[in-house]
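Since the model is a prediction, treat every value here as computed from it, not as a measurement.
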Amino acid sequence: MLPLTGLPMRFVTYTPPPPLGRFVRLLWYYAAPELPDLLERVLPSGAMSLLINLAEDELRWYDGAAEHGAADGDPPAPARCHRLSGIAVCGAHAEHFAIDTAEQRAIVGAELSPGGAAPFFGPDAAALGGAHVSLDALWGREAALVRERVLEAKTPEERLRALESALASRLLRPRAPLERDPSVDFALAAFADPSRAWTVADVTGQLGMSSKRFIRSFTERVGLTPKRYCRVQRFQQAVSAIERGERVSWAGVAAACGYYDQAHFIHDFRAFAGLTPTEYVTRRRERNHVPLDG
C-alpha cells in the first residue's frame, strides 16, 4: 500500500498480488474535497477502469465538450451529459472525454491491465472498448452490493481491500476465464519494447497467425485495435516525458517516442488530447486531466 498524501488532496494506491494482479494493474483511492466544480477533459490512456463514486450514487461523463466555439468569440459548444450508476466501467478509450469534477472529490477505482477484463466481464469484455457502462448492466444486483461494501469501509486502505476482495471473488466463479491470451500478452510485451518498433506484421509473423485473426483477438481482449493501442501508448510516452518535469524539447520528445518528426508528434498529440503539447503543459491539473474553459 503506497500512500501519497497532501492537503487537501489524498491519493492512495495499491498493487494487488497474483492471481488478481495478473488482471488488475492498480487499485486507487482519490479524495480532493476542495476540488472546484467544473468540467475536466480526461485524455486517453488505453486502459479499462472500474470506478466507484463514494459521494453520490451517480457517475457522469460528457462528450462534445469544447473549450471554444467554431470561431473566435463564440461560446463553448454544449456538452452532452451521460449519467451512469455510482459504480461503472470505463472501457479502453482512444478519444478524450470530459468528467464532472464535483464527483471526483471521493472516488475508488481499479485500473485493469491490458487484456485483463475477461475474468470480470466474460464475453461482455469485447464490447466495452470505448464505452461507459453502469456495472449493474453487467453484474446485476452484485454491483450495488460491491459499492455498499466499499462505502462501509472506514479508511482508504480498507476501501481498497474491500474492492480487492470483490474483484478476487470474481476469479473464483465456475468457468471464470483465468488464463490470459498468450498471443495478446506476447503482442503487449512486444509493443512495449523500447528497443524495437514492433509492427503488427512483426507480431503476427512471430506468432504464425493471420493478421485478421490476431487483430480480432487483440481487439476483443484489449478493447482497441493493435494499431490504435500502439498510437495511444506512444502518446502516453510523450505525456510521461512531460510529467517527469524535464526541460522539454518537442523535437527530442518526438524522436524518443518514435514519431516521424516534430510535426507528426504535435498532430498526433492534438488528435488525442484536443490540445497542443504546449497547451497541455500550461493547463493540466494532473496527468491526463485538463480543466475546460467556460
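- For E58, the side chain to side chain contact (heavy atoms under 4.5 Å, CB included) criterion is met by E56, R60, R83, E103, not counting sequence neighbours.
- With hydrogens and angles ignored, the 3.5 Å screen pairs a side-chain donor or acceptor of D202 with a backbone N or O of T199.
- Under the ring pair (Phe, Tyr, Trp, His ring centres under 6.0 Å) criterion, H289 pairs with no residue at all, not counting sequence neighbours.
- A salt bridge is absent between E158 and R149: the closest approach of a Lys/Arg side-chain nitrogen to an acidic carboxylate oxygen does not fall below 4.0 angstrom.
- Here T276 contributes atom OG1 and I266 contributes atom CD1; the two are 7.5 Å apart, rounded to the nearest 0.5 Å.
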Stepwise side chain to side chain contact (heavy atoms under 4.5 Å, CB included) test for W61 and L84: CA-CA 8 Å; W61 69 278; L84 305 169; 4.0 Å; yes
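- H93 places a side-chain N or O within donor-acceptor distance of the main-chain N or O of G130, the cut-off being under 3.5 Å.
- Within the model, atoms CD of E220 and CG of L128 stand 12.5 Å from one another, a figure rounded to the nearest 0.5 Å.
- In terms of heavy-atom proximity, P114 sits nearest to L188 at O-CD1, 3.4 Å.
- Remark: H264 NE2 is packed, more than 12 non-hydrogen atoms of other residues, nucleotides or ligands lying under 6.0 Å away.
- Salt bridge present: D268 and R231 bring a charged side-chain N and a carboxylate O closer than 4.0 Å.
- Note: T278 OG1 to R283 CZ = 12.5 Å, rounded to the nearest 0.5 Å.
- Judged purely by atom type and a 3.5 angstrom limit, Y30 has no side-chain atom pairing as donor or acceptor with the backbone of G109.
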Residues R41, E95; criterion salt bridge (charged side-chain N to carboxylate O under 4.0 Å, His left out); working and verdict: CA-CA 10 Å; R41 179 173 293 166; E95 300 82 24; over 6 Å; no
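- With hydrogens and angles ignored, the 3.5 Å screen pairs a side-chain donor or acceptor of Q233 with a backbone N or O of S45.
- Remark: the backbone N or O of G86 is not paired with any side-chain donor or acceptor of N53 at under 3.5 angstrom.
- In this structure, the separation between CG on D63 and CZ on R80 is 4.0 Å, given to the nearest 0.5 Å.
- For the pair R180 (side chain) and R22 (backbone), a donor-acceptor distance under 3.5 Å is present.
- Taking the charged nitrogens against the carboxylate oxygens, E164 and R159 have no contact shorter than 4.0 Å, which rules out a salt bridge.
- Between the side chains of Y14 and R161, at least one donor-acceptor pair of N or O atoms lies under 3.5 Å.
- Geometric assessment of R234 against the ring of Y259 yields a positive cation-pi assignment under the 6.0 Å and 45° thresholds.
- For S49 (side chain) and C90 (main-chain N/O), no donor-acceptor pair under 3.5 Å exists by modelled atom type.
- Under the 3.5 Å distance criterion, the side-chain polar atoms of S85 are left unmatched by any main-chain donor or acceptor of S134.
- Here F11 and Y29 keep their ring centres 6.0 angstrom or further from each other.
- For Y62 and F97, the distance between ring centers is not under 6.0 angstrom.
- A search for side chain to side chain contact (heavy atoms under 4.5 Å, CB included) contacts involving A110 returns V24, L27, L50, L163, L167, not counting sequence neighbours.
- One side chain, D181 or S217, offers a donor N or O that lies under 3.5 Å from an acceptor on the other.
- Side-chain contact check for R287 and Q236: at least one donor-acceptor pair (N or O, by modelled atom type) lies under 3.5 Å.
- Looking at T282, its side chain does come within 3.5 Å of a backbone N or O of E279 through a donor-acceptor pair.
- Side chain of T219 to main chain of R216: no donor-acceptor pair is present (N/O by atom type, distance under 3.5 Å, no hydrogens or angles).
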